[in-house]
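Note that ligands are numbered from 1 as they come in the structure, with each ligand's atoms numbered from 1 the same way.
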Amino acid sequence: MPATIKKYQEALAAVGRLVGQTPLVELKSLSPSPNIHIYAKLEWHQLGGSVKTRAAYNIIKTAIERGELGQGKQLLDASSGNTAIAYAHIAAALGIPLTIILPENASVERKRILRALGTKLIFSSPFGGTDEAQEKAKALALAEPEKYYYADQYSNPANWQAHYYGTSEEIWAQTAGKITHFVTALGTTGSFVGNARGLKEKNPAIQLASLQPDGALHGLEGWKHLPTAYVPPIYDDSLAHHELPIDSFQAYDMLRRLAKEEGLLVSPSAAANVLGAYLWAQELPPEQEAHIVTLLPDSADKYGEVIEQIFPY
Ligand SMILES: Cc1ncc(COP(=O)(O)O)c(C=O)c1O
């Protein structure tokens, strides 16, 4: 093993212990019948506070092991939020400099967290979203290839593989192999693709549904409306048996319901994933035994402005 990789091995192992292994809880108040169960994986229970720590860690670890990152090479990527924060925690722990291209309209909370963790921020236009941030990151990486390792979470197989080797194994073990349905949203699509491939391999009968916002303008952080966005190269459109469009306002109603009935204060996109599971559950015959699992990518912690609107004083 090259000495460059050895240098990071211990720190990678220490950080790795804080990635994944998140709890799975049943949302009993949402069951449409005694036979149909909905479960949520609380992904904010890990370093960095979101599902994206899984992908960020695997991307960084893989790049270091290949000798493509570290030893003078900086980490570079585009992200509007959770991935950037996940990279920032891990890169700080490893002593690797991080540059993030971030749409200028990202919340002050996010910018503050990233700056506190020592991230260099370069802003892209507030009107171009993550698509424009990606273009800017790519241009910077091309201009200075010796300075940056461009992680490109939308094309990097280590993104979906984090879920294939990690999340899907956890779900299988936590449901004792009883899972019948898996549903989650499409962002970079890593969560859906990795879990879908992993679960399908364990039991080909498992039904898979992907969620998208019902239009280009939506309030679901981290989600992509594929008909009007760049389709991530890691996306595999052969996997989903079912696709459900999600209305942001209905997701906010679910957010209120989860707070009141389950004691979970989650992000709008986590509530939207639960709404997807709930709508799907209602399509099933009530006598059918079903164990539906979804991911709750993050809690309400970083969404102060949205939460204030959903729960006005
Ligand atoms: C809050 C939130 N929900 C959903 C997603 C989508 O996950 P993925 O990128 O794995 O498709 C993300 C991704 O950044 C996210 O931050």
Side-chain angles (χ1 to χ4, degrees), residues 20 22 40-44 46 48-59 77-89 100 102-103 106-107 109-110 113-114 129-131 133-134 151-168 182-198 208-213 218-226 229-237 239-240 243 246 248 251-252 254-255 265-277 294-303 306-307:
T22 55
K41 203 150 163 58
L42 310 186
E43 287 291 292
W44 62 87
Q46 56 187 317
S50 88
V51 69
K52 299 304 300 203
T53 299
R54 296 177 184 271
Y57 178 74
N58 200 37
I59 285 171
D77 211 348
S79 162
S80 63
N82 279 332
T83 309
I85 291 171
Y87 282 141
H89 279 275
I100 289 289
L102 185 77
S107 76
E109 277 160 306
R110 275 152 210 261
I113 294 168
L114 290 168
T130 45
D131 283 355
Q134 255 178 279
D152 193 3
Q153 56 165 336
Y154 293 88
S155 309
N156 196 324
N159 176 354
W160 68 263
Q161 285 165 358
H163 298 282
Y164 176 85
Y165 292 111
T167 328
S168 75
F182 175 78
V183 53
T184 200
L186 303 176
T188 65
T189 77
S191 298
F192 177 73
V193 169
N195 279 296
R197 288 192 176 137
L208 306 162
S210 64
L211 307 174
Q212 288 185 51
H218 62 88
L220 304 173
E221 174 82 35
W223 286 37
K224 258 187 188 283
H225 179 249
L226 292 186
Y230 286 150
V231 177
I234 59 168
Y235 183 51
D236 178 350
D237 67 3
L239 291 167
E243 294 174 356
I246 297 293
S248 298
Y252 296 162
M254 180 55 83
L255 197 158
L265 196 52
V266 303
S267 65
S269 59
N273 267 1
V274 174
L275 177 63
T294 191
L295 305 178
L296 270 55
D298 54 357
S299 76
D301 281 2
K302 295 185 293 285
Y303 299 85
V306 190
I307 295 300

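Taking both residues in full, the closest heavy atoms of Tyr230 and Lys224 are given as O-NZ, 3.7 Å, listed atom of the first, atom of the second, then distance.
Only one option out of Lys302, Arg110, Lys52 pairs with Glu221 in a salt bridge (charged side-chain N to carboxylate O under 4.0 Å, His left out); it is Arg110.
Here the heavy atom of the protein found nearest to atom 5 (C) of ligand 1 is Gly222 O, 3.6 Å. Of the protein's heavy atoms, Asn82 ND2, 2.9 Å lies nearest to atom 16 (O) of ligand 1. Among protein heavy atoms, the minimum distance from atom 8 (P) of ligand 1 is reached at Thr188 OG1, 3.4 Å. The nearest heavy-atom contact from the protein to atom 14 (O) of ligand 1 is Lys52 CD, 3.3 Å. The nearest heavy-atom contact from the protein to atom 7 (O) of ligand 1 is Ser191 OG, 3.6 Å.
Set against the non-hydrogen atoms of Gly190, the atoms of ligand 1 under 4.0 Å away are 10 (O), 11 (O). The contact set between ligand 1 and Glu221, taken as ligand atoms under 4.0 Å from a residue heavy atom, comprises 1 (C), 2 (C), 3 (N).
Every N/O-N/O distance between Pro297 and ligand 1 stays at or above 3.5 Å. Of the polar atoms of Tyr303, none of the N or O atoms is found under 3.5 Å from an N or O of ligand 1, judged by distance alone. Residue-to-ligand polar distances place Thr189 within reach of ligand 1: an N/O pair is separated by less than 3.5 Å. At a 3.5 angstrom cut-off on N or O pairs, Ser269 counts as close to ligand 1. The shortest N/O to N/O separation between Asn159 and ligand 1 does not fall below 3.5 Å. Considering backbone and side-chain atoms alike, His163 places every N or O at 3.5 Å or more from each N or O of ligand 1. Checking only distances, Asp298 never comes within under 3.5 Å of ligand 1, N or O to N or O.
Between Trp160 atom CH2 and Tyr165 atom OH the span is 6.5 Å, to the nearest 0.5 Å.
For the pair Asn195 and Thr184, the minimum side-chain heavy-atom distance is 4.5 Å or more.
Using modelled atom types and a 3.5 Å distance limit, the side chains of Asp298 and Tyr303 yield a donor-acceptor pair. Donor-acceptor pairing under 3.5 Å is recorded for the side chains of Glu43 and Thr22. A side-chain donor-acceptor contact under 3.5 Å links Tyr87 and Asp77. Donor-acceptor pairing under 3.5 Å is recorded for the side chains of Thr188 and Asn159.
Between the side chain of Thr189 and the backbone N or O of Leu186 there is no donor-acceptor pair closer than 3.5 Å.
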